[in-house]
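Notes to accompany the following structure.
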Amino acid sequence: MRRALALLLTVVSPACGRNSAPPAADPNALTPAERAALATQSPLPKLAADPTNAVADDPRAAALGQMLFFDVDLAGPLLVDSERGKAGELRKLSCHTCHAGPALDDPGKHVSIGGKPGTRNSPPVLNSAFYTWSNWGGKFDSHWALALGALEKADVMNGTRLAIIRVVITQYRAEYEALFGALDPALDPALGAALIDDKRFPAAGKPGMPAWDGMAEADRTLANRVFANAGKAIAAYMRLLVARDAPFDRWIAGEDTAISAAAKRGARLHVKHCKVCHDGPHFTDNKFHALAAAQFGAGVPAVDLGRFEDVPGYLASPFNAAGMFSDAKRDLAGLVQAPEQRGQFRTPTLRNVAVTAPYMHAGQFATLDAVMAFYNVGGGRVDGITKAAEMQRLELTPEQLTDLVAFMQTLTSTTLPAALLADTSR
């Protein structure tokens, strides 16, 4: 019996092998080139050092920065009635006010609402320390300079640097001096009498206000130093706001079931159509492009010239990386305002894009589907704006657009330690 069964298997098995169909090819399998291209986008690496900020990675600076990030005493009065409160009210705004959503943005609002409604969308703070440039038009080259701009801008926090340094002196002096030394070594130990002397250091003021402009130059420099250091502490805190391990990262690491079949098809489309600008582990080339997305909404100008408008302010700022308050000077030679910058905006990251609606620099699109439709036709058209060469019609089918959205939804990771999101202000 055993010999008969063995003979039967010998005869039948080769026949079965010859007649059986080969395994079906996986339609979602990426080519080696596609897989290699996607592998360059994961995982998120360690943050690069910020030589312009000597305390960028000092835990004490991050602790102070967290206090300042949540402190409503840094803001000035509301300028108009809004959902934030009544015009003239104080203690209604902090950095966290417009950066409180899942990715630390202002979900659902097409523009920020601070001292008054702004003209641009509040970008997410989560993972933002990976950017080379801050702000939509690149007006800041560091997070500490960005924080200073937001603190004083009327439609964000409407504060003034003199009022802000008073908060630092009266509420956080011990933490500040542990990091940066005595606030005024020349006058210490009479420091408090120096920096809160209303004659030398008025209670409120910033450039363009008589209270500030009338100060002695040496006193303005001292105040600017304290102001810059406060920004550097906030930046140190923001460097901790990094979320990793999105489903996409797990898929690239070998977990094949981490993303859906539709997302895998979308990954292939991303490599072909999107990666040219949304490249690298942070899914951005850190450059500026003109998409010609038309603007709308109450108070929003018909045209925002983006980088073209922001470059002059950046170059003139005493807080840029080439200025006296930078801990490592950066050469800015060659950067000038140029006509081709008109309408250019920084490429935003695609990480966490599924939870940061609305989209674009002024929140023009409510959904990712609308964004995909915009790109599918090659962008928009705005008078006076020359679209980037990359903006070409994609001619994708509705099913392909859905797959692209499915892929972008795999880039979400917003989990942070609860302690990092606690209000520690005084």
Side-chain angles (χ1 to χ4, degrees), residues 41-44 47 62 65-66 68-72 83-84 93-114 118 120-131 134-136 143 146-147 150 156-157 234-235 237-252 258-260 262-263 266 270 274 278 280-284 346-372 404-425:
Q41 301 204 256
S42 178
L44 269 174
L47 276 173
Q66 184 170 349
L68 298 176
F69 189 86
F70 285 89
D71 199 320
V72 293
E83 63 189 75
R84 308 300 187 198
L93 302 168
S94 70
C95 299
H96 186 252
T97 302
C98 292
H99 298 284
L104 301 180
D105 65 335
D106 204 0
K109 296 182 179 63
H110 74 102
V111 295
S112 63
I113 301 176
R120 291 181 181 172
N121 184 255
S122 294
V125 166
L126 189 65
N127 294 345
S128 63
F130 286 98
Y131 281 124
S134 293
N135 189 299
W136 281 103
H143 265 34
L146 169 67
V156 184
M157 290 181 64
I234 294 173
Y237 166 65
M238 292 171 70
R239 284 173 65 84
L240 300 182
L241 303 176
V242 175
R244 305 175 186 272
D245 197 33
F248 167 76
D249 298 307
R250 299 197 297 273
W251 179 55
I252 292 298
I259 69 175
S260 67
H270 166 77
C274 310
H278 294 282
H282 195 220
F283 283 76
T284 173
R346 183 204 60 200
T347 305
T349 178
L350 292 184
R351 285 189 178 267
N352 299 312
V353 70
V355 295
T356 58
Y359 304 103
M360 299 293 182
H361 63 276
Q364 290 98 317
F365 300 115
T367 66
L368 284 175
D369 290 331
V371 174
M372 290 298 95
L404 260 176
V405 171
F407 169 70
M408 287 188 284
Q409 289 170 336
T410 72
L411 304 177
T412 302
S413 177
T414 61
T415 302
L416 290 170
L420 273 181
L421 300 177
D423 183 349
T424 56
S425 62

Side-chain atoms of residues 414-423: list all donor-acceptor pairs with protein atoms under 3.5 Å, sequence neighbours left out, distances to 0.1 Å.
unit_1, atom_1, unit_2, atom_2, d
Asp423, OD1, Ser425, N, 3.0
Asp423, OD1, Ser425, OG, 2.6

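Listed here is the closest heavy atom pair of Ala103 and Asn352: CB-CB, 4.1 Å. Of all the heavy atoms in Ala366 and Pro358, the pair that sits closest is CA-CB, 4.2 Å. Considering every non-hydrogen atom in both Leu240 and Ala62, the closest pair reads CD1-CB, 3.6 Å. Closest heavy-atom contact between Met360 and Val371: CE-CG1, 4.3 Å. Between Thr349 and His282, the shortest heavy-atom contact is OG1-O, 2.6 Å. Scanning both residues, Pro281 and Pro43, for their nearest heavy atoms gives CB-O, 3.6 Å.
When atom types are taken as modelled, the side chain of His99 and the backbone of Pro123 share a donor-acceptor pair closer than 3.5 angstrom. Judged by distance alone, with hydrogens and angles left aside, the side-chain atoms of Arg250 form a donor-acceptor pair with the main-chain N or O of Asp245 at under 3.5 Å.
For Arg239, the salt bridge (charged side-chain N to carboxylate O under 4.0 Å, His left out) test picks out Asp57, with sequence neighbours left out. Taking the ring-ring contact (aromatic ring centres under 6.0 Å, His included) definition, one finds that Tyr237 meets it with Phe69, sequence neighbours left out. For Gln66, there are no side-chain hydrogen bond (donor to acceptor under 3.5 Å, both in side chains) partners at least two apart in sequence or on another chain.
Taking CG from Asp71 and CG from Leu93, the interatomic distance works out to 12.0 Å, rounded to the nearest 0.5 Å. Separation of atoms NE2 (His270) and CE (Met408) is listed at 9.5 Å; rounding is to 0.5 Å. Here the CG atom belonging to Leu411 is positioned 10.5 Å from the NE2 atom belonging to His278, to the nearest 0.5 angstrom. The CG atom of Asn121 sits 10.0 Å away from atom OH of Tyr359, with the distance rounded to the nearest 0.5 Å. We find the CG-CZ distance between Leu350 and Phe407 to be 7.5 Å, quoted to the nearest 0.5 Å.
Side-chain contact check for Phe130 versus Thr284: every heavy-atom pair is 4.5 Å or farther apart. Considering only heavy atoms from C-beta on, Met157 comes within 4.5 Å of Cys95 through its side chain. Between Ile252 and Gln41 the shortest side-chain heavy-atom distance does not fall below 4.5 Å.
Residue pairs meeting the salt bridge (charged side-chain N to carboxylate O under 4.0 Å, His left out) criterion with at least one partner in residues 349-368, sequence neighbours excluded, are Asp249-Arg351. Sorted by first and then second residue, the pairs that involve residues 95-114 and meet salt bridge (charged side-chain N to carboxylate O under 4.0 Å, His left out), not counting sequence neighbours, are Glu83-Lys109, Arg84-Asp106, Asp106-Lys109.
Aromatic ring orientation, Phe283 versus Phe248: perpendicular (interplanar angle above 60°, classes split at 30° and 60°).
Aromatic ring centroids of His143 and Tyr131 lie 6.0 Å or more apart.
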